[in-house]
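Here is the structure we will look at.
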Amino acid sequence: MPRKSKKIKPVNTNTTSEIAPAAVVEEPKKGFTGEQWAVLGTLMISSFLGRLDGSIVSLATPKIITDFGITVTEASYITTAYVLGNAVFVPVFGKLGDLIGRKPLYLFGIVGFVVSSMLAGLSWNLSSLLFFRVLQAVTVSIDYPIALSIIAFEFTDRRQRLQAQGIWSSIFAAAIVFGPLLGGPLTDTFGWRSVFYVNIPLGAIGTFMALRFIKEPVEQIKGLKHFDWLGSLVLGISLAAMVLVLDRGQTWGWSDIKSIISYIVSVVTLVTFIFVEQREKEPVVDLRFFKIPSFTISNLASFISFMGLMGGIFLIPIFAQNYLGYSVTKSGYLFIPMAVGIMSGAQVGVRLAQRFQPRYFVAIGMFWGALMLYLFAGIDILWGFWDIALRLGLFAFGIGIGFGPLTQAAVGTVPIQEVGVASSVLALTRNLAGAFGTAIFATILSNSTTSQLINLQNNSVINTTNPQQLQIITGLMEVKASILAYGTVFDWAAAFVVAGGVMTLFLPDIKFHVGQTQQVHVEA
């Protein structure tokens with residue numbers, strides 16, 4: 001039998017677009033208390049480790065290939081395993097935190113990540129490394145939804161919460177920078193295993209701080225008897241099939257039988273998941289959330305814009321190393337202005353959110369970021385360090401403005417006890433957007449390179465028959481075609497970010513009322 005529809009009465013019934021905040025809101029406070037800073041610092045350490053591990057390991061891959069005697073194709077599964085594990089378990093842990101408590105689950109995530117990192121460093125072959133990478137991904141997937149839940153409960157003042165979310169979000173930019181900066185020297189000096197061992201001391205500090213400073217926000221522990229096992233299973237299968245084909249599709253071929261099977265499995269299990277969730281008392285993802293305009297639009301805007309963001313930016317270090325001759329470490333330096341831009345933009349966004357409705361300045365920030373991506377369309381081998389770094393910094397500033405407000409629009413407009421689930425949906429949205437963006441834009445790059453090369457060959461006249469000169473000319477044509485293809489990718493990336501900006505213009509007004517708890521009008 002379908003589960004009975006629930007109604008959560010709205011605080012303010014004057015308009016359906018007014019949504020109350022995610023916690024009791026008091027008069028604005030001037031700054032964080034020492035205890036709040038300690039909680040925020042604890043969350044940032046764990047988040048930093050998880051995002052750092054996603055980028056730092058790729059730098060050690062060549063050494064792993066040599067040590068284990070494996071092929072490049074086999075080594076690519078090291079990344080695939082991590083992406084799969086992270087995508088599948090994010091929504092599961094968001095719900096688990098609401099049922100069994102967030103502090104114990106958060107501690108399990110940190111300790112589990114430290115242990116699995118140590119085991120990954122001790123791997124004796126590819127199979128063992130893949131297994132431990134999955135364990136790393138599973139434990140690190142706890143961080144995002146639980147961290148946002150803890151922030152929502154710890155920072156009860158809306159302005160403080162927005163500021164905390166902005167500061168916490170900036171750690172993702174820091175991880176992007178420190179990945180190349182740490183990964184290269186560690187691998188060259190201490191070997192590839194050191195990129196896993198580096199997580200141990202920081203993880204130990206994070207564990208101690210979590211034990212000391214984080215308080216359990218969940219008052220009523222419901223237990224695992226209410227957990228949606230069937231929904232989690234079918235959602236996990238759907239996400240696994242989807243991420244797998246996105247990661248391997250270009251290698252297999254998008255029309256290959258393995259890709260087709262992945263499409264079918266993903267769609268069938270997704271439809272099954274929707275059917276199951278409509279009848280589940282404690283669904284792993286409450287589909288009623290998508291009836292909240294702010295939640296739905298912020299997730300759609302995040303998905304579209306993150307596709308363009310990740311799909312375009314992941315090509316920068318590849319271009320710098322392949323065509324500008326940059327080392328891994330120097331490629332990392334390119335992202336320092338980007339980290340500064342995101343952190344600065346996030347703080348600007350927090351201040352603007354206190355005075356204006358988010359749809360206006362978030363859209364402007366995205367349009368600005370899209371313009372910077374469009375300027376990358378002219379990328380060339382004559383570009384210098386600051387030609388790239390400055391554009392990245394300006395791009396990140398625009399995108400950073402919307403990070404906090406979009407997050408708040410998604411997780412701040414659901415019942416307080418459901419913040420973990422809402423956070424996990426947002427995390428899943430952004431993870432999938434990155435996977436889709438990377439797959440789509442890698443395909444665009446490949447197809448555009450072929451198209452540009454054919455075009456150059458058809459419109460070129462070669463007045464020589466000298467084999468050596470013909471070989472040089474052919475090589476130059478291939479380089480030119482690749483560079484033009486990069487420009488095409490950035491054109492498309494800019495278009496996606498613009499589309500995300502347009503989507504944010506449809507965000508409804510969100511009015512927060514002093515002294516009221518969050519209650520959202522939701523009907524099934």
>> If you compare all heavy atoms of A422 against all heavy atoms of A410, which two are closest, and at what distance to 0.1 Å?
In response: CB-O, 4.2 Å
> Checking S305 side chain against G500 main chain: does a donor-acceptor pair fall under 3.5 Å?
Replying inline: no
>> Check this for me: F48, atom CZ, are more than 12 non-hydrogen atoms of other residues, nucleotides or ligands nearer than 6.0 Å?
In response: yes
>> Is the ring pair F196/W192 parallel, tilted or perpendicular, if the boundaries are 30 and 60 degrees?
In response: perpendicular
> Among all residues two or more places apart in sequence or in another chain, which pass the side-chain contact (heavy atoms from CB on, under 4.5 Å) test with T139?
Replying inline: F113, S116
>> Going by salt bridge (charged side-chain N to carboxylate O under 4.0 Å, His left out), name the residues that satisfy it together with K258, two or more places apart in sequence or in a different chain.
In response: D256
> Taking only residues two or more places apart in sequence, or in another chain, which ones meet F131 in a ring-ring contact (aromatic ring centres under 6.0 Å, His included)?
Replying inline: none
> Atom OG in S302, atom CE in M503: separation rounded to 0.5 Å?
Replying inline: 10.5 Å
> Is the side chain of E277 donor-acceptor paired with the backbone N or O of V284 at a distance under 3.5 Å, no angle test?
Replying inline: yes
> Which heavy-atom pair separates I304 from A499 by the least distance, and what is that distance?
Replying inline: CG2-CB, 3.7 Å
> Hey, are E35 and K215 close enough for a salt bridge, meaning a charged N less than 4.0 Å from a carboxylate O?
Replying inline: yes
> Residues two or more places apart in sequence or in another chain: which of them pass side-chain hydrogen bond (donor to acceptor under 3.5 Å, both in side chains) with W37?
Replying inline: none
> Are F395 and L309 side-chain neighbours, meaning at least one heavy-atom pair lies under 4.5 Å?
Replying inline: yes
> Is there side-chain contact between Y82 and Q136, with at least one heavy-atom pair below 4.5 Å?
Replying inline: yes
>> Do T272 and L230 make a side-chain contact, defined as non-hydrogen atoms from C-beta onward lying under 4.5 Å apart?
In response: no
> Taking atom OG1 of T429 and atom CG of N299, what is their separation to the nearest 0.5 Å?
Replying inline: 4.0 Å
>> So L392 and I316, do their side chains get closer than 4.5 Å, heavy atoms only?
In response: yes
>> What's the separation between atom CG in L445 and atom CD1 in I318, rounded to the nearest 0.5 Å?
In response: 8.0 Å
> I56 versus L186: any side-chain heavy-atom pair under 4.5 Å?
Replying inline: yes
>> Could you go through Y197 and F190, starting from their C-alpha distance and side-chain angles, then the distance that decides it, and tell me whether this counts as ring pair (Phe, Tyr, Trp, His ring centres under 6.0 Å)?
In response: CA-CA 10 Å; Y197 294 146; F190 301 104; over 10 Å; no
>> I'd like to check W254 versus T443 (side-chain heavy atoms, cut-off strictly below 4.5 Å). Are they in contact?
In response: yes
>> Using the salt bridge (charged side-chain N to carboxylate O under 4.0 Å, His left out) criterion, which residues pair with R133? Sequence neighbours excluded.
In response: D53
> Looking only at atom types and distance, does a side-chain atom of S46 sit under 3.5 Å from a main-chain N or O of L43, one as donor and one as acceptor?
Replying inline: no
> Would you say the side chain of T504 lies within less than 4.5 Å of the side chain of L406, judging by non-hydrogen atoms?
Replying inline: yes
> Once you round to the nearest 0.5 Å, how far does OG1 of T269 lie from CD1 of I264?
Replying inline: 11.5 Å
>> The criterion is side-chain contact (heavy atoms from CB on, under 4.5 Å); which residues satisfy it with A493, sequence neighbours excluded?
In response: L373, F441
> Can you tell me how far CG of L315 sits from CD1 of I444, rounded to the nearest 0.5 angstrom?
Replying inline: 10.0 Å
>> Both conditions, 6.0 Å and 45 degrees, for the charged tip of R279 above the ring of F275: are they met here?
In response: yes
> Stepwise, does the ring pair (Phe, Tyr, Trp, His ring centres under 6.0 Å) test hold for F306 with F436?
Replying inline: CA-CA 9 Å; F306 264 69; F436 269 97; over 10 Å; no
> Can you find a heavy atom in the side chain of S424 that is under 4.5 Å from one in the side chain of F93?
Replying inline: no
> For the side chain of S446 and the backbone of A442, is there at least one donor-acceptor N/O pair under 3.5 Å apart?
Replying inline: no
